[in-house]
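Here is the naming used below: chain letters follow the sequence lines, and residue numbers restart at 1 for every chain.
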Number of protein chains: 2
Amino acid sequence: MSSTKQRLLDGALTAIREHGIAGASARTIAAAADVNQALIFYHFGSIDDLLSAACHACTATRVKEYSKQLSNVSSMRELLQVGRELHEQEKTLGNVSVLAQLLAGAQNDDRLAAPTAAALQLWINEIESVLDRLLNGTPFGEVADRPGLARAISVAFIGLELYEGVDEAGARQVFAALDQLSYLEEIVNDLGRISRRALRSKISRAVRKKTPSRPHS
Amino acid sequence: MSSTKQRLLDGALTAIREHGIAGASARTIAAAADVNQALIFYHFGSIDDLLSAACHACTATRVKEYSKQLSNVSSMRELLQVGRELHEQEKTLGNVSVLAQLLAGAQNDDRLAAPTAAALQLWINEIESVLDRLLNGTPFGEVADRPGLARAISVAFIGLELYEGVDEAGARQVFAALDQLSYLEEIVNDLGRISRRALRSKISRAVRKKTPSRPHS
DNA sequence: GTCTATAGCTGGATAGAC
DNA sequence: GTCTATCCAGCTATAGAC
């Protein structure tokens, strides 16, 4: 990989972190990369394409970094703990989630939408495989919509990252509340142990009685 | 209220919805408001101040609109249903959450941060009062961190709004999964009825045994 | 591959006539 | 309060020398 290309990828991330998606221009990116501005177009064709490539590379790296920790997670509480560490690291790295900025920018830029969705999907896949492990063997696990839950967890985290930027104390409170909530999982599991079979059939019935959500595209 | 001021507030929202926070410039806003560009500075002083005022007014209106529905909510499932309606309406209104765009912009603009946090707080307060009603009398309600949970729900919703913009089908899946999850609430309540006192003490013990999250600032 | 230079816009903000 | 006109900084993108 040509060193310039790599510098531009890094510079794009720096620019997003320091100026947000709105301020990630050819000039700020080139300055952050310490590279001539015109080289962005030579190597990537457009700003959008550079941002997309940078976001994908950055996300892939971070998913890999956390993949091992996630593979050791054996409860919702532990998953939350990993989320907390990830959140702390994001804050240290520059107080902004690159993915959240791209998501915001993608709302009104069609060329950014698909690459951003693809980057987010990397996290979703990772979370889904954690859920697979956690839910196997539990009463709820037999009927749980794991892809849906994985998406819910991932996008909720994005929202939290954005919230952190405007209310740090509030974000801490969210983590405290989720921590508390995660204890309910164990309690439900305990209760389940009391009459596991009854619980299982109750869950199946309750969940299935609702209008089936037909997959749609 | 001078009609021009109101037109500018509306125009700012239109511009955010159509172009995102990055494209909400004096010129696009003035065009959407059908008002001379220089009047933004006469009436509001700066773009940031206009955006802040518009965001606050818009959020206050929408909170009021949904306040009655929220006051009738008597279960998590119903709360989710209101969330779904709100989400559908946002989509119809222009496929973008104004608050989410402001939140993204506020990450790197200090003058936007506090007003955005204040607007978001309007939703958080509303959700918190719903939680107060829902949790009163339940075993978990006695120890639940309601302000924290209200924030968690609110910011998760913001994340979902952003996700919708890049993956519509994925967002639908999230709602389906949450719907499914919301049935667990009833099941847990049922189980609780079996041995309510045992459950209550179990929850209290479990939740309190963790490191107390000291309020911090 | 990298540079300078520049075209052609759009940005926030202000001055000053009315 | 509203308008025109304008300053100047910043923007994306390209042309063309090296």
> Hey, is A:K91 close enough to A:E168 for a salt bridge, meaning N to O under 4.0 Å?
Replying inline: yes
> D:dA13, D:dC3, C:dT4: which one has an atom nearest the side-chain heavy atoms of B:N36?
Replying inline: D:dC3
> OP1, OP2 of D:dT2 versus side-chain N and O of B:T4: anything below 4.0 Å?
Replying inline: yes
> Would B:R151 count as a cation-pi partner of A:Y163, with NZ or CZ less than 6.0 Å from the six-membered ring centre and within 45° of the ring normal?
Replying inline: no
>> Closest approach to the side chain of A:A38, judged atom by atom: which nucleotide of D:dA13, D:dA5, C:dC3 is it?
In response: C:dC3
> When rounded to the nearest 0.5 angstrom, what is the spacing between OG in B:S97 and CD in A:Q107?
Replying inline: 8.5 Å
> Can you check the A:I40 CD1 to D:dA13 P distance for me, whole Å?
Replying inline: 10 Å
>> Under 4.0 Å from OP1 or OP2 of D:dC11: is there any side-chain N or O of A:S25 that close?
In response: yes
>> Using whole Å, what does the distance between atom C1' of nucleotide C:dG1 and atom CG of A:D34 come to?
In response: 16 Å
> Atom CG of B:L50 to atom P of C:dG12: distance rounded to whole Å?
Replying inline: 11 Å
>> Rounded to whole Å, please give me the gap between CG in B:D48 and P in C:dG12.
In response: 10 Å
> Atom CG of B:L39 to atom C1' of C:dC18: distance rounded to whole Å?
Replying inline: 14 Å
>> Rounded to whole Å, please give me the gap between CD1 in B:I47 and P in C:dG12.
In response: 4 Å
> If you take atom types as modelled and just measure distance, does the side chain of B:R27 reach the base of C:dG11 with a donor-acceptor pair under 3.5 Å?
Replying inline: yes
> Atom CZ of A:F41 and atom P of C:dG1: how far apart are they, to the nearest Å?
Replying inline: 18 Å
> A:Q6 has an atom CD; how far is it from atom P of C:dT2, in whole Å?
Replying inline: 13 Å
>> Check this for me, if you would: do A:R62 and A:E90 make a salt bridge, where the nitrogen-to-carboxylate-oxygen distance has to be below 4.0 angstrom?
In response: yes
